[in-house]
Amino acid sequence: MQLARRLMAVRAAVRELRADGSTIALVPTMGALHAGHLSLVARAREVADHVVASIFVNPTQFGEGEDFDSYPRTEEADRAKLERAGCALLWAPMPEEVYPADHATSIRVGGVTEGLCGDSRPGHFDGVATVVAKLFNQILPDYALFGEKDYQQLAVIRRMARDLDFQVGIIGVPTVREADGLALSSRNAYLSEDERARAVALPDALGETAAAIVGGAPVADAIIAAKAKLFEAGFATVDYIELRDAETLAPVGTLERPARLLAAARIGKTRLIDNIAVEPG
């Protein structure tokens, strides 16, 4: 696996990979890789000839008081995992290669950024859209793969790629979970043993709520019950639990077409997000 840290080097490496007409799939990450990330690499190998992964802890998607400084950085271990997974090239840029000192441009996506994490993390999706657009221009991939765990992020990237005419196929990959149902996340490393045991209440509550809605329970009542279950389990705050249209992310009051039940809640100092599909019966 090749490693590039400078823009000229990664572009040269990509040209070499493409020299025989091969296709490229991009897997953008912030590192601290787990089985969820590696599932993206595995899917990428199915759709393209070569996989390029990126590791960059993007400062512009962290707000004031968030965990940019403490975000886990495990590049050496990540490199070994990516090489074993069959990644051809790792783009791990120096910060100045992504954001030069005079960088003055950002991207804002409307609509799908409204509500959910868009409310609780102001500016977050501007940072996501900007860095992903830069990655698309740096690598020029045929495909890019993102996990469905960050479902609103996936919707933002799909809309941006469509609206700005990026010639890249956006592929969502199902969430990978622990045996007890907790969605894999780099931030799970922040959980204490007790918090980790209680955290499973989040996917459990989503599953019960989805089943209730499909069974005909009023959406608002089912969500109130879900929030109560999270507080009972020891969650400190619940940013949101909402039913949204699976494609547009518009709020849903009654289940008439494919939807997504999305949640964000904090246990201890750790903010967890999760979501599941909800299909009309």
When you measure from the side chain of Asp78 to the backbone of Ala32, do you find a donor-acceptor pair of N or O atoms at a distance under 3.5 Å?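 At least one qualifying donor-acceptor pair exists.
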Return yes if some donor-acceptor pair links the side-chain N/O of Asp49 with the main-chain N/O of Thr23 below 3.5 Å, else return no.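 It does hold such a pair.
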Roughly how far, to the nearest 0.5 Å, is [atom2] of [Y] from [atom1] of [X]?
| X | Y | atom1 | atom2 | value |
| --- | --- | --- | --- | --- |
| Leu255 | Ile213 | CG | CD1 | 7.0 Å |
| His34 | Glu178 | NE2 | CD | 9.5 Å |
| Leu272 | Asn188 | CG | CG | 6.0 Å |
| Ile157 | Leu145 | CD1 | CG | 11.0 Å |
| Gln2 | His50 | CD | NE2 | 10.0 Å |
| Asp204 | Leu230 | CG | CG | 9.5 Å |

Partner residues of Phe68 under the ring-ring contact (aromatic ring centres under 6.0 Å, His included) criterion, sequence neighbours left out: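 Residues passing ring-ring contact (aromatic ring centres under 6.0 Å, His included) with Phe68: Phe62.
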With Phe166, which residues qualify under ring-ring contact (aromatic ring centres under 6.0 Å, His included), at least two apart?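 Counting only residues at least two positions away or on another chain, Phe166 forms a ring-ring contact (aromatic ring centres under 6.0 Å, His included) with Phe136.
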Can you name the side chain to side chain contact (heavy atoms under 4.5 Å, CB included) partners of Asp274, sequence neighbours left out?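 For Asp274, the residues satisfying side chain to side chain contact (heavy atoms under 4.5 Å, CB included) (neighbours in sequence not counted) are Arg177, Ala183, Leu202, Pro203, Leu206.
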The criterion is side chain to side chain contact (heavy atoms under 4.5 Å, CB included); which residues satisfy it with Gln61, sequence neighbours excluded?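 Testing Gln61 for side chain to side chain contact (heavy atoms under 4.5 Å, CB included), a comparison that skips the adjacent residues, returns Met30, Asn58, His124, Val128, Val131.
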Report yes if some heavy atom in the side chain of [X] is under 4.5 Å from a heavy atom in the side chain of [Y]; otherwise report no.
| X | Y | answer |
| --- | --- | --- |
| Thr209 | Val219 | no |
| Arg79 | Leu90 | yes |
| Arg73 | Val57 | yes |
| Leu89 | Leu17 | yes |

Under the side chain to side chain donor-acceptor pair (under 3.5 Å) definition, can you give me all pairs with a residue in [range], not counting sequence neighbours?
| range | result |
| --- | --- |
| residues 82-94 | Trp91-Gln138 |
| residues 240-262 | Glu148-Arg260, Glu242-Arg244, Asp245-Thr248, Asp245-Arg257, Thr254-Glu256, Arg260-Asn275 |
| residues 149-173 | none |

Could you tell me which non-hydrogen atom of Tyr71 sits nearest to which non-hydrogen atom of Ser186, and how far apart they are?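 Distance-wise, the nearest heavy atoms are OH-CB, 3.4 Å.
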For residues 116-127, which residue pairs pass the salt bridge (charged side-chain N to carboxylate O under 4.0 Å, His left out) check, not counting sequence neighbours?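 Sorted result for residues 116-127: Glu66-Arg121.
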I'd like to know if [X] and [Y] make a salt bridge, using a cut-off of under 4.0 Å between side-chain N and carboxylate O.
| X | Y | value |
| --- | --- | --- |
| Glu46 | Arg43 | yes |
| Glu97 | Arg5 | no |
| Arg196 | Asp180 | yes |

Is the number of heavy atoms from other residues, nucleotides or ligands within 6.0 Å of CD (Glu16) greater than 12?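 Counting neighbours around CD of Glu16, 12 or fewer heavy atoms of other residues, nucleotides or ligands fall under 6.0 Å, so no.
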Before giving the answer on side-chain hydrogen bond (donor to acceptor under 3.5 Å, both in side chains), spell out for Tyr99 and Thr60 the whole-Å C-alpha distance, their side-chain angles and the decisive distance to 0.1 Å. CA-CA 10 Å; Tyr99 297 114; Thr60 65; 2.9 Å; yes
Pair Leu40, Thr29 - check side-chain contact (heavy atoms from CB on, under 4.5 Å), show working. CA-CA 10 Å; Leu40 303 181; Thr29 84; 5.6 Å; no
Is a donor from one side chain sitting under 3.5 angstrom from an acceptor on the other, for Arg271 and Thr237?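 No pair is found: no donor N or O on one side chain lies under 3.5 Å from an acceptor on the other.
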Which residues share a side chain to side chain donor-acceptor pair (under 3.5 Å) with [X], sequence neighbours left out:
| X | result |
| --- | --- |
| Asp69 | none |
| Arg266 | none |
| Glu193 | none |

With side-chain hydrogen bond (donor to acceptor under 3.5 Å, both in side chains) as the test, would you mind laying out the steps for Asp20 and Ser22 before giving the verdict? CA-CA 6 Å; Asp20 60 356; Ser22 292; 2.5 Å; yes
Go through the steps for Ile171 and Phe146 under the test side-chain contact (heavy atoms from CB on, under 4.5 Å), then give the verdict. CA-CA 6 Å; Ile171 299 174; Phe146 299 86; over 6 Å; no
Would Val168 and Asp142 satisfy side-chain contact (heavy atoms from CB on, under 4.5 Å), going step by step from the backbone distance to the final call? CA-CA 5 Å; Val168 53; Asp142 300 282; over 6 Å; no
Derivation of the side-chain contact (heavy atoms from CB on, under 4.5 Å) call for Arg198 and Glu232: CA-CA 10 Å; Arg198 294 173 178 272; Glu232 288 172 10; over 6 Å; no
Mind checking salt bridge (charged side-chain N to carboxylate O under 4.0 Å, His left out) for Arg187 and listing every partner two or more places apart, or none if nothing turns up?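 Only Asp67 meet the salt bridge (charged side-chain N to carboxylate O under 4.0 Å, His left out) criterion with Arg187.
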